[in-house]
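Residue indices begin at 1 and follow the sequence shown. Only this structure's heavy atoms are used, side chains among them; waters, hydrogens and symmetry mates stay out. Counting convention: from 1, in listed order, for ligands and their atoms alike. Given the structure is predicted, the values throughout are model-derived calculations rather than measurements.
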Amino acid sequence: MLEVFITRKIHDSGVQMLKKAGFKITVYPKDQIIDRKSLLQGSKNKDAVLSLLTDKIDDEFFTSAGSKLKIVANYAVGFDNVDLQSAQKHKVVVTNTPSDKVNESVAEHTFALMLALARRITEADHFAKRGQYKGWSPTLLNGTDVYGKTLGLIGAGRIGSMVARRAVKGFGMKLIYSGPSHNPELEKELGAKKVSQTALLQKSDFVSLHVPLLPSTRHLISDKEFKLMKKTSFLINTARGPVVDEKALLKALKAKQIAGAGIDVFECEPSIDCDLSDNLALKQFDNVILTPHIASATEEARRAMSEVAAKNIIAVLKGKKPLTPAKVN
Ligand code: GLV
Ligand code: GLV
């Protein structure tokens, strides 16, 4: 019987699909990030491993898992936790979960952060709940409009494009993008313009990051980039924490070089702040909204992630091609 190891409890629909396909399923029993020893032990002699973005899938993992392993199905769109070269060396297929449903959920969360920043929703919520509201005022908690503003997408792949549609069709925003690839559909459909990253940072009212974490995107946004941004602009990161240099972000916030930031992913995750002794830490800024890596945390997205991961495992264990192999564009 073919055996699948799942490194943490996930949405049940994919697990049921795997059971129906006749595989023996083992799920790490604790609902917490699996420790290294349990990850290596649980994966030994399995035919497939369904991993999470919190699992380090490296050469030691592949060596320890053994030669039966055919596929690591990562339950995430991102796969920077997986060493693809090592996977190739060990002849293991790696897949991710970039389904439209998941990408739409991430785009929606990105937009939620944009709106919440512009309209100061979290500040207003705290204000109201603390009992500070004493009557309508012309100057109370004034924010800025999103409507008609310029959105700059760094990375206009699948998720970026879904953010773009919301921006242009829902909020009449102007769209510019930068990154290694051209997106002619986005230009045709939404009037997007490709510009240099420098021009994008100088012109955008909202800068949103939609690039994978690669050596070339680590600290893509650092001191120099913050200095290029408008003082009235907002940064949104629902991609990966290390794409933004957190120290530089803190400096930019303190110097009021930008108007605020919406951050779902952290450089030193699961720590919110890299330097806990730093009294400039992210959580001290009212104009920063922090969410704990939940951009794809919806019933719909998590079901889709679980099903896409399961379909990939079923395909590969039946000798077919994976649906969504992890690849760097
Ligand atoms: C979440 O961060 C994902 O990559 O799906
Ligand atoms: C991935 O799908 C992205 O938009 O970066």
I'd like to know if the side chain of [X] and the backbone of [Y] have a donor-acceptor N/O pair within less than 3.5 Å.
X: Asn74; Y: Gly78; answer: yes
X: Ser137; Y: Thr139; answer: yes
X: Asn237; Y: Arg240; answer: yes

His109: which residues meet the ring-ring contact (aromatic ring centres under 6.0 Å, His included) condition with it, sequence neighbours left out?
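Testing His109 for ring-ring contact (aromatic ring centres under 6.0 Å, His included), a comparison that skips the adjacent residues, returns none.
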
So which of Thr238, Leu235, Leu153, Val265 actually passes side-chain contact (heavy atoms from CB on, under 4.5 Å) with Leu209?
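One option only clears the test, and that one is Leu235.
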
Strictly under 4.0 angstrom, heavy-atom based: which residues surround ligand 1?
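The 4.0 Å shell around ligand 1 contains Leu53, Ala76, Val77, Gly78, Arg240, His293.
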
Asp80 with Arg218: basic N within carboxylate O range, under 4.0 Å:
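Between Arg218 and Asp80 there is no salt bridge, as every charged N stays at least 4.0 Å from the carboxylate O atoms.
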
